[in-house]
> 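Just passing along the structure, written as structure tokens.
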Protein chains: 2
Amino acid sequence: MSLKSQPDSPRSTRKGVTSVDVAAAAGVSQATVGRVFSSPEKVSPATRDKVQEAAERLGYVPNVIARSLKSRRTNIIGAVVPAFGEYWQSVLTEFSRQLANQDRQLLLFSFAEPGDVDGVLASVAQYRLDGLVLSSANIGQAQLAQMRESDRPVVAFNHPAAVGVVPSVSVDNEAGMAELAAHLIEVGCRDVLYIGGASTASTDQSRYRGASQTLGNQGIACTYLEAGAFTYEAGYKVARQIVEHQPLPDAVMVSADEVAFGVHDGLRAAGVDVPADLFLTGFDGLSQSAWAGFDLTTLVQATDVLVARAIEILLAPEQPADSDPVSVVVPGTIRYGKTTGSGHG
Amino acid sequence: MSLKSQPDSPRSTRKGVTSVDVAAAAGVSQATVGRVFSSPEKVSPATRDKVQEAAERLGYVPNVIARSLKSRRTNIIGAVVPAFGEYWQSVLTEFSRQLANQDRQLLLFSFAEPGDVDGVLASVAQYRLDGLVLSSANIGQAQLAQMRESDRPVVAFNHPAAVGVVPSVSVDNEAGMAELAAHLIEVGCRDVLYIGGASTASTDQSRYRGASQTLGNQGIACTYLEAGAFTYEAGYKVARQIVEHQPLPDAVMVSADEVAFGVHDGLRAAGVDVPADLFLTGFDGLSQSAWAGFDLTTLVQATDVLVARAIEILLAPEQPADSDPVSVVVPGTIRYGKTTGSGHG
DNA sequence: TGACAGAATGCTTACGTAAGCATATATTCG
DNA sequence: CGAATATATGCTTACGTAAGCATTCTGTCA
């Protein structure tokens, strides 16, 4: 019942408790302590208990930094992604979730301006990561090639321009948008307007190609209009131009859900009703697309599958350096919403 | 003009180029190379150039792992956050952005189930991070106290229960919700229903307190109804219960925007119009709250300020261990939307 | 010109762990 | 019961860098 009753309390993460301290306390060598934590089967149950008890009492926590230096593995995967955008946020969350299941962590490298990419990549190189996820169409060919030169696993995520340069995983942008176009044709659209986010983005290009080819095969033109950014605001603004485009098209296809949300609301603000006056489709399958206020017809990316494939590639045993980089394409699935006339069910 | 013309190309991140290799190539000692990269002013311009040239030629990149081991600083901040939720995604993005501006990175520890927290915290301890952000109401008092014991800077983010236990930064939940309640009173509401996300969350409690006290002072009751989760779906479902609550209240206050979106859409699906039939308020100020489809009256958190304060606390020189942990409270600002009758401007 | 301050650089060690090899103890079989 | 085998543990070193101290070099002034 004394006042200060915890002389060396078993709290965790004590000052600088090392495996050497634990070894001394347990009366074994540092090597044995190390073994208890990395390959326990190599040590007898008796000593194992002894060491674990001492470790717990001292509050020993293995130092991952030192371990990484020695073992040359960090158990950390880096991700280079744009700082903004609902889509990237959802992808990141999924990566973090799945990596955590494999006792790995995600180190985030985000950038706000496309020009920052170089700086970010330089900073990335300093960390000896077990793998690197490159997203964002703002990473150029040269930069990708340079990453490929590095000796650690890299995977490009939803970055069509990276195919053939580095291993990549992507939804089937072209086929997905083609399917949406086919659906529009099926429901009777003959005059379609396409809203892109930024024409420089390789995803944007693939998606537009899918739409224009499918529509073109039926003799339907598909004008491309650029919103300027992959944001709600850009979509909202561009809606005004759509309205000026008289007569109104039968349908508007948008490169990305987030932009489509803006288009949807912008059209409504301008007195154009979806789906009564025209149909609307998106792409990505963000959770908000299913919200009752939108109920948007869109192509749902199987984010969990995409992420799982990407992680597989990163963690798989190294491939022969001169073989062509793998390229995994995952099909998406259409969600039919009321923006193309489907009853929302 | 030979075919293989790049015997040792200046590509970056070559195999295992170390400062020792650079030293040999430049004809200096390893220490000098180290100085060139950490305290360049201590080395003469001539050698500096020589070393930098050699480093570039060999593709030398300093090894942060080794540096961290020696210097005991990682330049990495950890964040323990729930895997889901628009709010947390936006907070994370902001942290990553601001940290990047200070040449620091964000290591993400997300968890899907509240029960995973213990495992995550154990995993966190292994990394000798420069600081740690603890979010989520799922981190209990005991766990917070334990973190406080560790010798590295910790800050609780929007976690009222943490105040006094660890340094914390938070929006003024109580005052914010009180302001919203005052606004409702002002516009004539006399019968208010409160929708919480999860009554166990300390943010939920603070916010409800703000609402019920302010309303109670005017003799207005404020029934608490629990949605069960901080999600759109939970809000959508609970809307049905609101409708059964005849006569309809004048207004519904919701603990969080994301839930409020669901309530909004759920009410509409049930034939109840906002704001014609009842008013609706949210909390957080998510970007979607400003979307035309919602135009939700809500309390906007100054996320950038909150994050900046949190980073300041983490990076500030250590405080005396026995002093009371600081607690920064940042006021929010109301955004008046059409869900409480304000013209959307 | 010799001595001395100051700058520039080199040498050595330590950060905490894991892997390789050497050694000590337990187990098995002829 | 002794040798061979297996099991358990200890000893030593290396991962790549930064900091402390020792050393060399440059220039300045008496």
Side-chain angles (χ1 to χ4, degrees), chain A residues 13-52 54-55 58-76 125-130 150-152, chain B residues 13-52 54-55 58-76 125-130 150-152:
Chain A
T13 322
R14 258 325 211 218
K15 274 290 173 165
V17 184
T18 75
S19 57
V20 177
D21 301 328
V22 175
V28 298
S29 73
Q30 179 271 328
T32 299
V33 176
R35 273 187 281 259
V36 169
F37 284 87
S38 55
S39 40
E41 74 283 358
K42 288 189 172 182
V43 60
S44 76
T47 22
R48 200 185 310 160
D49 290 348
K50 213 168 45 179
V51 169
Q52 278 170 341
L58 298 180
Y60 167 69
V61 176
N63 185 327
V64 186
I65 303 291
R67 172 179 308 194
S68 297
L69 181 59
K70 183 67 180 140
S71 67
R72 303 163 152 287
R73 303 184 57 259
T74 56
N75 277 359
I76 295 179
Q126 303 191 303
Y127 295 84
R128 304 305 212 247
L129 304 168
D130 286 359
S150 99
D151 54 341
R152 41 203 83 252
Chain B
T13 324
R14 259 312 203 237
K15 274 289 175 166
V17 184
T18 75
S19 57
V20 176
D21 301 329
V22 176
V28 298
S29 72
Q30 178 272 328
T32 299
V33 176
R35 273 187 281 258
V36 169
F37 285 87
S38 55
S39 40
E41 75 283 358
K42 289 190 171 181
V43 62
S44 77
T47 22
R48 200 185 310 161
D49 291 347
K50 213 168 42 178
V51 169
Q52 277 169 343
L58 298 180
Y60 168 69
V61 176
N63 184 327
V64 187
I65 303 291
R67 174 186 310 214
S68 297
L69 181 60
K70 183 67 180 141
S71 67
R72 302 162 156 287
R73 301 186 58 259
T74 56
N75 277 359
I76 295 179
Q126 303 192 305
Y127 295 83
R128 302 307 162 89
L129 305 168
D130 286 0
S150 100
D151 54 340
R152 40 202 85 252

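Convention: sequence-line order gives letters A, B, ...; per-chain numbering from 1.
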> Check whether any side-chain nitrogen or oxygen of A/Ser39 sits under 4.0 Å from OP1 or OP2 of C/dA18, and answer yes or no.
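Answer is no, no contact under 4.0 Å.
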> Within the structure, does a side-chain N or O atom of B/Tyr60 lie under 4.0 Å from either OP1 or OP2 of D/dT17?
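So the side-chain polar atoms of B/Tyr60 do come within 4.0 Å of the phosphate oxygens OP1 or OP2 of D/dT17, strictly under.
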> Touch check for B/Val28, heavy atoms < 4.0 angstrom, all strands: base, sugar-phosphate only, or nothing?
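The residue B/Val28 makes sugar-phosphate contact but no base contact.
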> Measure the distance from CD1 on B/Ile65 to C1' on C/dT17 and round it to the nearest whole Å.
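It is 13 Å, rounded to the nearest whole Å.
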> For DNA chain C, whose closest nucleotide is more 5', that of B/Gln30 or that of B/Ala66?
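Closest to the 5' end, via its nearest nucleotide, is B/Gln30.
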> Tell me the closest heavy-atom pair linking B/Ser44 and B/Thr47, and the distance in Å.
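Reported closest heavy-atom pair: OG-OG1, 2.5 Å.
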> Which residue, A/Val64, A/Leu69, A/Ile65, forms the side chain to side chain contact (heavy atoms under 4.5 Å, CB included) with B/Ser68?
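Only match with B/Ser68 under side chain to side chain contact (heavy atoms under 4.5 Å, CB included): A/Ile65.
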> Strictly below 4.0 Å: does A/Ser44 bring a side-chain N or O up to OP1 or OP2 of D/dT7?
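Indeed not, no polar side-chain atom of A/Ser44 lies that close.
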> In whole Å, what is the span from the OH atom of A/Tyr127 to the P atom of D/dT17?
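My rounded result for the distance is 14 Å.
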> For C/dA18, does OP1 or OP2 lie under 4.0 Å from any side-chain N or O of A/Arg73?
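No.
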> Of the options C/dG16, D/dT12, C/dT12, whose atoms approach the side-chain atoms of A/Lys70 most closely?
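Nucleotide nearest to A/Lys70's side chain: C/dG16.
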> Within the pair B/Ser71 and D/dT17, is there a side-chain N or O less than 4.0 Å away from OP1 or OP2?
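Result: no.
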> Judged by atom type as modelled, is there a donor-acceptor pair below 3.5 Å linking the side chain of B/Ser19 to the main-chain atoms of B/Val33?
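Checking the backbone N and O of B/Val33 against the side chain of B/Ser19, no donor-acceptor pair under 3.5 Å is found.
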> In whole Å, I'd like the distance from the CZ atom of B/Arg67 to the C1' atom of C/dG16.
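Checked: the CZ to C1' distance equals 18 Å.
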> Specify the residue among B/Arg35 and B/Val64 whose closest nucleotide of DNA chain D lies further upstream toward the 5′ end.
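The residue whose closest nucleotide sits nearer the 5' end is B/Val64.
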> Taking N and O atoms by type only, does the side chain of B/Arg128 place a donor or acceptor under 3.5 Å from a partner on the base of C/dG16?
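By the distance-only test, no, there is no pair.
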> Looking only at non-hydrogen atoms, find the nearest pair between B/Val43 and B/Arg48 and report the distance.
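Between these two residues, the closest heavy atoms are O-NH2, 3.0 Å.
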> Can you tell me if A/Arg72 touches the phosphate of D/dC15, counting only side-chain N or O atoms and a distance under 4.0 Å to OP1 or OP2?
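Checking A/Arg72 against D/dC15: no side-chain N or O falls below 4.0 Å of OP1 or OP2.
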> Which of these nucleotides, C/dT17, D/dT9, C/dT9, is closest to any side-chain atom of B/Val43?
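The listed nucleotide nearest to B/Val43's side chain is C/dT9.
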> Look at the side chain of B/Glu41 against the base of C/dA8 and say whether a donor-acceptor pair falls under 3.5 Å; ignore hydrogens and angles.
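Result: no qualifying N/O pair found.
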> Starting from the 5' end of DNA chain D, give me the residue, A/Pro45 or A/Ala31, whose nearest nucleotide shows up first.
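Between the two, 5'-proximity favours A/Pro45.
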> Starting at atom CG of A/Leu69, determine the distance to atom P of C/dT17, rounded to an integer number of angstrom.
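Distance check: A/Leu69 CG to C/dT17 P gives 12 Å.
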> Which pair of non-hydrogen atoms, one from A/Arg67 and one from A/Pro62, has the smallest distance, and what is that distance?
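Taking every non-hydrogen atom into account, NH2-CB, 3.5 Å.
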> How close do B/Leu58 and B/Asp21 get, counting heavy atoms only, and between which atoms?
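Smallest heavy-atom distance, with atoms named: CD1-O, 3.9 Å.
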> Between B/Thr32 and C/dG10, is there a side-chain N or O to OP1/OP2 distance below 4.0 Å?
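Looking at the OP1 and OP2 atoms of C/dG10, one of them is under 4.0 Å from a side-chain N or O of B/Thr32.
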> Just how far, in rounded Å, is P of D/dG16 from CD of A/Gln126?
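After rounding, the reported distance stands at 15 Å.
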> From the set C/dT17, C/dT9, D/dG16, return the single nucleotide nearest to any side-chain atom of B/Thr47.
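Within the option list, the nearest is C/dT9.
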> Check the distance between D/dT7's C1' and A/Lys42's NZ and give it to me in whole angstrom.
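Value for this atom pair: 12 Å.
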> Between C/dG10 and B/Ser29, is there an OP1 or OP2 to side-chain N/O distance shorter than 4.0 Å?
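It does, given that an N or O in the side chain of B/Ser29 lies less than 4.0 Å from OP1 or OP2 of C/dG10.
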> Which whole-number value in Å describes the distance from B/Phe37 CZ to D/dA18 P?
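My rounded result for the distance is 10 Å.
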> Whole Å only: how far is the CG atom of B/Asn63 from the C1' atom of C/dC15?
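Interatomic distance, CG of B/Asn63 to C1' of C/dC15: 13 Å.
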